[in-house]
Amino acid sequence: MGTLQALRNRFVDAPNSVGARARRRWERLITTFPDISEMSVIDLVYSNAVIEHVGGHIRRERFADNVRALSPRHWVQVPYRYFPIEPHVLFPGFQFLPVATRRLIISNWPLVHTAPRDRLHALRDAMEVELLSVTEMRYYFPTSRIGYERMGGLIKSIIAVR
């Protein structure tokens, strides 16, 4: 494993990484749903960082509609758009850059999760993720309580819980 990949692993991917220690989702999930051990799959919709990958507003809206239709209870987490480090690429401000610049970064940045095999795949990867704001999460989940995961005092993730 290269030095930079080892660094990514240490900070993000490994079970004992800084990121893993900072994520307290499981404890919060248990606190929110103390009867989780008695629940069946249909009783609990749990989504961890999926909605930003479904592709555009209409698909995110359908995703949220399906979450609400499947169960009266849910936990939907998404990385916060305005956290300074984009979590998929680990590049500061990546989410605010033009698509062409994002493609170049994905093609060359050593901390991407999976390096693209060519320019076309790098472009696809650059356009694939759309992080959400608090306003968007409130729109998609209007009857949910909106919670936050913080890192260094800043909102890192948004969680819609019902």
Side-chain angles (χ1 to χ4, degrees), residues 8 11-13 15 17-103 105-106 109 111-114 122-162:
R8 178 189 170 87
F11 282 101
V12 179
D13 296 330
S17 68
V18 173
R21 287 192 307 270
R23 291 187 288 272
R24 300 291 181 229
R25 286 187 200 125
W26 187 247
E27 290 93 12
R28 288 182 71 188
L29 184 71
I30 296 297
T31 301
T32 303
F33 301 108
D35 57 341
I36 196 167
S37 63
E38 286 88 43
M39 298 171 101
S40 68
V41 172
I42 199 66
D43 293 332
L44 173 58
V45 173
Y46 176 81
S47 170
N48 182 22
V50 174
I51 194 169
E52 76 270 23
H53 294 278
V54 298
H57 164 69
I58 297 300
R59 288 186 177 169
R60 286 190 303 271
E61 194 167 46
R62 285 186 199 145
F63 178 93
D65 291 346
N66 283 314
V67 165
R68 290 190 311 275
L70 284 169
S71 175
R73 300 169 76 184
H74 58 257
W75 173 287
V76 179
Q77 179 273 335
V78 65
Y80 182 47
R81 175 173 176 73
Y82 298 105
F83 188 72
I85 306 292
E86 201 284 340
H88 301 88
V89 182
L90 299 180
F91 191 90
F94 178 84
Q95 64 272 36
F96 306 116
L97 298 171
V99 172
T101 305
R102 294 192 323 239
R103 181 194 56 79
I105 291 167
I106 287 175
W109 184 243
L111 298 180
V112 296
H113 186 270
T114 305
L123 182 58
R124 184 203 64 203
D125 292 350
M127 295 188 300
E128 196 260 335
V129 176
E130 298 170 302
L131 302 181
L132 276 64
S133 68
V134 173
T135 301
E136 290 166 308
M137 281 296 274
R138 284 190 176 132
Y139 174 82
Y140 295 129
F141 300 97
T143 60
S144 303
R145 181 175 45 85
I146 303 297
Y148 309 99
E149 253 182 12
R150 295 181 184 272
M151 179 179 275
L154 301 174
I155 297 172
K156 183 178 131 326
S157 297
I158 313 164
I159 309 161
V161 178
R162 176 140 187 191

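- For the atom pair CD1 of Ile159 and CG of Asn48, the computed distance is 9.0 Å after rounding to the nearest 0.5 Å.
- Between atom CD1 of residue Ile155 and atom OH of residue Tyr82 there is a gap of 12.0 Å, rounded to the nearest 0.5 Å.
- Distance alone, capped at 3.5 Å, places no donor-acceptor pair between the Glu52 side chain and the Leu132 backbone.
- Here Asp65 pairs with Arg68 in a salt bridge; the nearest charged N to carboxylate O distance falls below 4.0 Å.
- Remark: the Ser144 side chain and the His74 side chain contain an N/O donor-acceptor pair separated by less than 3.5 Å.
- Here Arg124 contributes atom CZ and Arg103 contributes atom CZ; the two are 14.0 Å apart, rounded to the nearest 0.5 Å.
- No more than 12 heavy atoms of other residues, nucleotides or ligands lie within 6.0 Å of NE2 in His113, so this atom counts as exposed by the packing criterion.
- In summary, Arg81 and Glu136 do not engage in a salt bridge, as defined by a charged side-chain N under 4.0 Å from a carboxylate O.
- Side-chain N or O atoms of Gln77 include one that pairs as donor or acceptor with a backbone N or O of Ala49 at under 3.5 Å.
- For the residue pair Glu61 / Tyr139, a side-chain donor-acceptor distance below 3.5 Å is found, with atom types taken as modelled.
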Side chain to side chain contact (heavy atoms under 4.5 Å, CB included), that's the test. Do Tyr140 and His57 meet it? Break it down for me. CA-CA 10 Å; Tyr140 295 129; His57 164 69; 2.8 Å; yes

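- The backbone N or O of Ala126 sits less than 3.5 Å from a side-chain atom of Arg102, completing a donor-acceptor pair.
- Side-chain contact, Glu128 with His88: no donor N or O sits under 3.5 Å from an acceptor N or O.
- Val129 and Glu86 get closest at one heavy-atom pair: CG1-OE2, 3.9 Å.
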